[in-house]
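This report concerns only the one structure given below.
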Amino acid sequence: MKRKILSVLLTAAFVAATIAGCGGAAGAAADTAGAAADTAAAAADTAADTAEAAADTAAEAADTAADAAADTAATVEEAAEEVKEAAGGAGGTINVGFAQVGHESDWRTASTKSAQDVFSEANGYNLSFVDCDNDSAQQLEAVRGFIEQGVDYIIIDPIVSTGWDTVLAECADADIPVIVIDRTIDDSDKYVSWVGSDFLTEGKAAGEWLKAYAEKQGIKEINALIIQGTTGSSAQIGRTDGFSEIADREGWTILDKQTGDFTEEGGQQVMESYCKSYEGKFNVVVCENDNEAFGAMTAMDNAGVKYGPGNDVILISYDACTAGLKEVQAGKITADFECNPLAAPTVEGVIQTLQSGGTPEAQILVPDNWYALPDQIVPFAVDGKDQSMVEVTDEVIEAQY
Ligand code: GZL
């Protein structure tokens, strides 16, 4: 467009100049026309420059607007992503970090599988699972790793019950809700809910059952050996305290208490030592989980100690895992006091409550049962509350975890 204007004006100027060359009125007119053409050409130049500048300005404004629009779109997308992540189960994947104790027992295996089954991709979760190998330092490191990852929720089964307040404060600062499962945390309340069993009641139930069973059997004196769980874990503390409370009340003798760390190897090592140190002096062995009981059975077999119904030694165990109930059915473990490992579905309920803006219960107990063969089932109460026992059958074993 600009070129065209210029070419017309220049032609006019050329014509004018030609006429001017002829002299006289015509020449004057031509001069005037030439001047007008020059003025017009200059005006056209200015207009073109102005138009160009306006075009450049418009282009810059367009670029700026485009950039702003792109930024806005990105911000909106980020916000949408954040809303989607916050919505979690409502269409978004929920990121869960689980710091598990370790892999020390059948109970732990069942607990881990329960969590992996519930917090699956198919159910809308992304589970970051860390087996902390019974190492508290590793467990604290795993929780801090989840904070770095920016998970939506953190589940902790605490190896021991103390040393937690600092890292839980870090979770709170990161606005990540913590749910404690199974064992308890006793030196901090910076978590949303605890889901687990009542370990003190488990210990008391074992003691009250033993009192009732010893009376039925006409056993006048109890000399017990205890193989404890991981020292400082709430499961160990509760079971030891609960059983000891009944022992003290009944005047029983607890010859020794040593930790088998909830493992079969640990149970065997401690029982081998007991068989040497207390040969012929004990008539009750209490193992604070089934895997310790399996190890103790090996040690007593090797030492020629007879245990189980109708034998010299009453063998009491906790957890009541499938393998433990099989030993009850085989007449090896006299009674088994369950600690239910399948808490993950309840934990998911807590997460869904939080997702929908609700407030979950602070403490949620999962139910436990007590198991024996018919001849070892006796009536007893715990804290004045009558207890029922489950007869171990093939069907019960089949249905166990
Ligand atoms: C109890 C759980 C214990 C089990 C053991 O709730 O923490 O840890 O009794 C396991 O088998 O190792």
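Residue indices begin at 1 and follow the sequence shown. Just follow the structure's listing: the first ligand is 1, and inside any ligand the first atom is 1.
In this structure Phe262 satisfies the ring pair (Phe, Tyr, Trp, His ring centres under 6.0 Å) test with no other residue, sequence neighbours excluded.
Looking at Trp370 and Glu338, their side chains never bring a donor and an acceptor atom within 3.5 Å of each other. Looking at Ser317 and Asp290, their side chains do bring a donor and an acceptor atom within 3.5 Å of each other.
Counting only residues at least two apart or in different chains, ring pair (Phe, Tyr, Trp, His ring centres under 6.0 Å) contacts with residues 263-282 comprise Tyr274-Tyr278. Contacts classified as ring pair (Phe, Tyr, Trp, His ring centres under 6.0 Å) and involving residues 184-206 (residues at least two apart or in different chains) are not found.
Judged purely by atom type and a 3.5 angstrom limit, Asp261 has no side-chain atom pairing as donor or acceptor with the backbone of Thr263.
A heavy-atom cutoff of 4.0 Å around ligand 1 is satisfied by the protein residues Glu104, Ser105, Trp107, Arg108, Asp182, Arg183, Phe199, Ala235, Arg239, Phe262, Asn289, Asp319, Cys339.
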